[in-house]
Number of protein chains: 2
Amino acid sequence: MIDRSCPGAIEPILEILDGKWTLLLLLELFNGTKRFGELRRKLHPISPKTLTDRLRLLEDKGIVTRTLYPGVPLHVEYELTERGQRLQPIFAAMWAWVQENGVCPGKEAENISPEEAGSL
Amino acid sequence: MIDRSCPGAIEPILEILDGKWTLLLLLELFNGTKRFGELRRKLHPISPKTLTDRLRLLEDKGIVTRTLYPGVPLHVEYELTERGQRLQPIFAAMWAWVQENGVCPGKEAENISPEEAGSL
DNA sequence: CCGAATCCACTAAGATACTG
DNA sequence: CAGTATCTTAGTGGATTCGG
């Protein structure tokens with residue numbers, strides 16, 4: 001069972017995953033290193049400010065690294081740290097839940113068997 | 001790999017888990033049926049308005065049920081649905097991550113081996 | 001091309017008082 | 001007891017512009 005005292009608290013991760021775009025942003029980064037503009041296009045219509053804010057926060061939390069390749073034009077890459085990679089099971093769990101319980105237009109979830117959907 | 005098209009999207013769950021208090025609220029409900037006042041105390045200092053807002057939204061999404069026991073004094077209970085119970089693996093994954101990577105005051109995470117911390 | 005800076009808008013959340 | 005009503009506040013996110 002889950003305890004709210006220090007060793008079992010989940011608060012630390014709430015700070016990391018908070019924010020409208022954070023989950024989708026991490027989802028993109030699980031697919032590999034990405035450049036700023038790439039992320040911006042994939043997360044359209046996110047604003048550059050918001051994208052920067054989120055990336056900085058994740059950087060502070062040790063979830064992503066920012067690598068600057070000097071030169072013109074500028075080139076910046078964002079990549080998940082080890083710590084960040086380890087977040088993947090959480091997303092896998094969310095993804096699995098949506099498979100079983102999420103609603104897609106015109107298709108109620110209860111039709112697919114948990115066995116079938118559980119193969120991740 | 002995770003796909004952003006309909007069958008693989010995680011957006012539906014983002015709507016459910018969104019909000020400052022939602023995760024903590026669900027955490028309480030995993031421990032069993034709870035009354036309004038109970039939740040209010042455990043989630044202190046949440047305001048009654050916010051608590052109501054969140055509970056109503058979760059009710060709409062089919063995550064919790066609201067049961068009214070008429071009489072004076074009034075008595076209302078909130079309980080997770082089956083669908084809500086199935087969210088538990090997500091929390092377990094978050095909890096596991098915090099065990100391995102979360103920071104508790106005065107204790108950096110990298111000291112404990114993944115093997116040791118991974119026993120859930 | 002990347003992203004910092006500024007300003008504005010929206011909405012979640014808080015405070016407080018009151019009702020079935 | 002379990003909310004509702006109303007108002008206010010504050011935190012994000014959006015739009016735009018500018019600099020390295």
Side-chain angles (χ1 to χ4, degrees), chain A residues 10-29 31-61 63-80, chain B residues 4 10-29 31-61 63-81:
Chain A
I10 61 162
E11 278 86 350
I13 207 171
L14 300 188
E15 293 174 23
I16 293 169
L17 301 182
D18 188 45
K20 179 175 172 186
W21 293 100
T22 307
L23 284 293
L24 294 173
L25 172 54
L26 287 170
L27 219 43
E28 290 301 329
L29 290 174
N31 290 326
T33 302
K34 291 268 187 304
R35 297 180 55 171
F36 186 88
E38 249 180 304
L39 291 170
R40 193 175 168 183
R41 278 189 298 277
K42 300 253 195 172
L43 299 179
H44 186 270
I46 194 174
S47 71
K49 172 184 173 295
T50 303
L51 183 52
T52 301
D53 287 353
R54 289 297 121 193
L55 285 167
R56 288 285 179 278
L57 192 132
L58 291 174
E59 204 185 343
D60 290 346
K61 299 282 183 187
I63 304 300
V64 305
T65 57
R66 176 178 183 272
T67 309
L68 172 67
Y69 298 88
V72 177
L74 220 47
H75 180 147
V76 179
E77 288 189 344
Y78 293 92
E79 188 173 15
L80 288 174
Chain B
R4 293 202 57 208
I10 61 163
E11 277 86 350
I13 207 171
L14 299 189
E15 293 175 23
I16 293 169
L17 302 182
D18 187 46
K20 179 176 171 184
W21 293 101
T22 308
L23 284 293
L24 294 172
L25 172 55
L26 287 170
L27 218 45
E28 290 301 328
L29 290 173
N31 290 325
T33 301
K34 291 268 186 307
R35 297 179 55 171
F36 187 87
E38 248 179 306
L39 291 170
R40 193 175 168 182
R41 278 188 300 278
K42 300 252 196 175
L43 298 180
H44 185 269
I46 195 174
S47 70
K49 172 185 172 298
T50 303
L51 183 52
T52 301
D53 287 352
R54 287 297 121 189
L55 284 167
R56 288 282 180 280
L57 192 131
L58 291 174
E59 204 186 342
D60 290 347
K61 300 282 183 184
I63 304 299
V64 305
T65 56
R66 176 177 183 273
T67 310
L68 171 67
Y69 298 89
V72 177
L74 220 49
H75 181 148
V76 179
E77 288 188 345
Y78 292 92
E79 188 174 13
L80 288 174
T81 61

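Here is how names work: the chains are called A, B, and so on, in the same order as the sequence lines, proteins then strands, and each is numbered from 1. All of these numbers come straight from a predicted model, not from anything done at the bench.
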Side-chain donor-acceptor contacts of residues 45-53 of chain A below 3.5 Å, not counting sequence neighbours, with atom names and distances?
unit_1, atom_1, unit_2, atom_2, d
A/S47, OG, A/T50, N, 3.3
A/S47, OG, A/T50, OG1, 2.9
A/K49, NZ, A/D53, OD2, 3.0
A/T52, OG1, A/P48, O, 2.9

What is the separation between atom [atom1] on [X] and atom [atom2] on [N], rounded to the nearest whole Å?
X: B/L39; N: D/dA2; atom1: CG; atom2: P; value: 9 Å
X: B/L43; N: D/dA2; atom1: CG; atom2: C1'; value: 15 Å
X: A/R66; N: C/dC2; atom1: CZ; atom2: C1'; value: 8 Å
X: B/L51; N: D/dC1; atom1: CG; atom2: C1'; value: 13 Å
X: B/E38; N: D/dG3; atom1: CD; atom2: P; value: 13 Å
X: A/H75; N: C/dG3; atom1: NE2; atom2: C1'; value: 15 Å
X: A/E59; N: C/dC2; atom1: CD; atom2: C1'; value: 14 Å

B/S/- along nucleotides 7-20 of chain C (protein heavy atoms under 4.0 Å) is B----SBBB----B
Would you please name every residue forming a salt bridge (charged side-chain N to carboxylate O under 4.0 Å, His left out) with A/R56, sequence neighbours left out? A/E59
For B/E38, which residues count as a salt bridge (charged side-chain N to carboxylate O under 4.0 Å, His left out) partner, sequence neighbours excluded?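 In terms of salt bridge (charged side-chain N to carboxylate O under 4.0 Å, His left out), with neighbours along the sequence ignored, B/E38 is linked to no residue.
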Validation: residues 12-23 of chain B side-chain donor-acceptor distances under 3.5 Å, sequence neighbours left out:
unit_1, atom_1, unit_2, atom_2, d
B/E15, OE1, B/K61, NZ, 2.7
B/T22, OG1, B/D18, O, 2.6

With a 4.5 Å heavy-atom cut-off, do [X] and [Y] have their side chains touching?
X: B/L29; Y: B/V64; answer: yes
X: A/Y78; Y: A/R66; answer: yes
X: B/L39; Y: B/L55; answer: yes

Tell me every residue that passes side chain to side chain contact (heavy atoms under 4.5 Å, CB included) with B/E77, counting only those two or more places apart in sequence or in another chain. B/T33, B/R35, B/Y69, B/H75
Below the 4.0 Å mark, does D/dC1 have OP1 or OP2 next to a side-chain nitrogen or oxygen of B/Y78? no
Does A/R35 have a side-chain nitrogen or oxygen under 4.0 Å from the phosphate oxygens OP1 or OP2 of C/dC1?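 So the side chain of A/R35 is outside the cut-off, no N or O lying under 4.0 Å from OP1 or OP2 of C/dC1.
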What is the bend of the helix from C/dC1-D/dG20 to C/dG20-D/dC1 when you compare the axis at one end with the axis at the other, using five pairs each and rounding to 10°?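 End axes: 50° apart.
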Between B/R41 and B/R56, just flag the one whose closest nucleotide in DNA chain D comes earlier from the 5' side.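 By nearest-heavy-atom nucleotide position, the 5'-most residue is B/R41.
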What's the verdict on side-chain contact (heavy atoms from CB on, under 4.5 Å) for A/L57 and A/I63, showing C-alpha distance, side-chain angles and the deciding distance? CA-CA 9 Å; A/L57 192 132; A/I63 304 300; over 6 Å; no
